[in-house]
Amino acid sequence: MPPLPRDFFARDTLQVARDLLGQVLVRLLDGERLSGRIVEVEAYIGEDDLASHARFGRTSRNEAMYGPPGHAYVYQIYGLHHCLNIVTEAEGFPAAVLIRALEPLEGLEQMRQRRGVADPVLLTAGPARLCQAMEIDRRLDKADMCAPDAVLFVDAGAPVPDDQVATGPRVGVQGDLRARTVPWRFYIRDHPCVSGRRTTRDVR
DNA sequence: GGATCGATCGGCT
DNA sequence: GCCGATCGATCCG
């Protein structure tokens, strides 16, 4: 099964974020295949988005966001956690989708060992949790997720209909009013693996 | 259930 | 020097 093509990511970031729900994130590791269905994402769009790492312009840390679409942007936060984004839109414009939660599908045993918990819901419900479960760290920053030999990529999954999609403000964003209220978080309604609080609001 | 706090460090204003 | 797109432990009610 080939990964989703670069064209999928070279689109409007809100559209990519919404369409990523239901797709399958795959990590090849130690000859095994770890995977999970994407159930929660957030969009970060341009330097004018005051919640984005690109708000201060291009730096060595956020360089991947300015690169070609379909590549990973992996950063470390609070000194100990990692978060995975997938770069979107045209090269040169800093935008990406943060992968916030998965429903684990394959490789649960390996995930349990890495996470140190047994409950499947707690394996990948949260941006740092899923990175720990799949051993995603800064070595994968800028990795091409559309390459034929990628060890991290997105496979096609069953589409999620609009009536199962909810939106809301992004988690953990503070400060600027627009940045913290704009509904750029997308998640599958009532899914147990979604992290954080669950406001309910329909897509359109 | 909710609020609060510490961990831990690279990048930045 | 300050602080963060988080998590888990702990305390309170």
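Proteins come first, then strands; the chains are lettered A, B, ... in the order of their sequence lines, and each starts at number 1.
The list of side chain to side chain donor-acceptor pair (under 3.5 Å) pairs with a residue in residues 117-134 of chain A, not counting sequence neighbours, reads R115(A)-Q132(A). Applying the salt bridge (Lys or Arg N to Asp or Glu O under 4.0 Å) test to residues at least two apart or on different chains, the pairs with a partner in residues 46-56 of chain A are D49(A)-R170(A).
Taking the P atoms as reference points, dC5(B) lies 15 Å from dG13(C), given to the whole Å. dT10(C) and dT8(B): their P atoms are spaced 15 Å apart (whole Å).
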Between D163(A) and R189(A), does a salt bridge (charged side-chain N to carboxylate O under 4.0 Å, His left out) hold up when you go through it step by step?
CA-CA 8 Å; D163(A) 63 4; R189(A) 180 191 311 283; over 6 Å; no
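Residues that satisfy the side-chain hydrogen bond (donor to acceptor under 3.5 Å, both in side chains) test with E91(A), not counting sequence neighbours, are absent from this structure. In terms of the salt bridge (Lys or Arg N to Asp or Glu O under 4.0 Å) criterion, R61(A) has no residue partners (sequence neighbours excluded). Among residues two or more places apart in sequence or in another chain, the salt bridge (Lys or Arg N to Asp or Glu O under 4.0 Å) test is passed with D137(A) by R139(A). Partners of R178(A) under the salt bridge (Lys or Arg N to Asp or Glu O under 4.0 Å) rule, at least two apart in sequence or in another chain, do not exist in this structure. Scored by the salt bridge (Lys or Arg N to Asp or Glu O under 4.0 Å) test, D19(A) finds R11(A) as partners (sequence neighbours excluded).
Taken residue by residue, residues 113-128 of chain A places no heavy atom nearer than 4.0 Å to DNA chain B. Within residues 73-103 of chain A, the residues that have a heavy atom under 4.0 Å from DNA chain B are, in order of number, Q76(A), Y78(A), G79(A), L80(A).
Looking at DNA chain B, the stems built from 3 or more consecutive Watson-Crick or G-U wobble pairs, each pair with its key distances under 3.5 Å, are B:1-7 with C:6-12, B:9-12 with C:1-4.
For DNA chain C, the contact window with chain A, defined by any atom under 4.0 Å from a protein heavy atom, covers dG4(C) to dG8(C) in 5' to 3' order.
For the pair M134(A) and L29(A), the minimum side-chain heavy-atom distance is 4.5 Å or more. Counting only heavy atoms from C-beta outward, the side chains of L14(A) and I45(A) approach each other to under 4.5 Å.
Annotation for A128(A) and H81(A): closest pair CB-CB, 3.6 Å, computed over non-hydrogen atoms.
Checking side-chain atoms of R100(A) against main-chain N and O of S195(A) turns up no donor-acceptor pair under 3.5 Å.
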Distance-only donor-acceptor hits, side chain of residues 70-80 of chain A, under 3.5 Å, sequence neighbours excluded:
| residue | atom | partner | partner atom | Å |
| --- | --- | --- | --- | --- |
| H71(A) | ND1 | K142(A) | O | 3.1 |
| Y73(A) | OH | H53(A) | ND1 | 2.7 |
| Q76(A) | NE2 | G79(A) | O | 3.0 |

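Heavy atoms of R138(A) sit under 4.0 angstrom from primed sugar atoms or phosphate atoms, though from no base atom.
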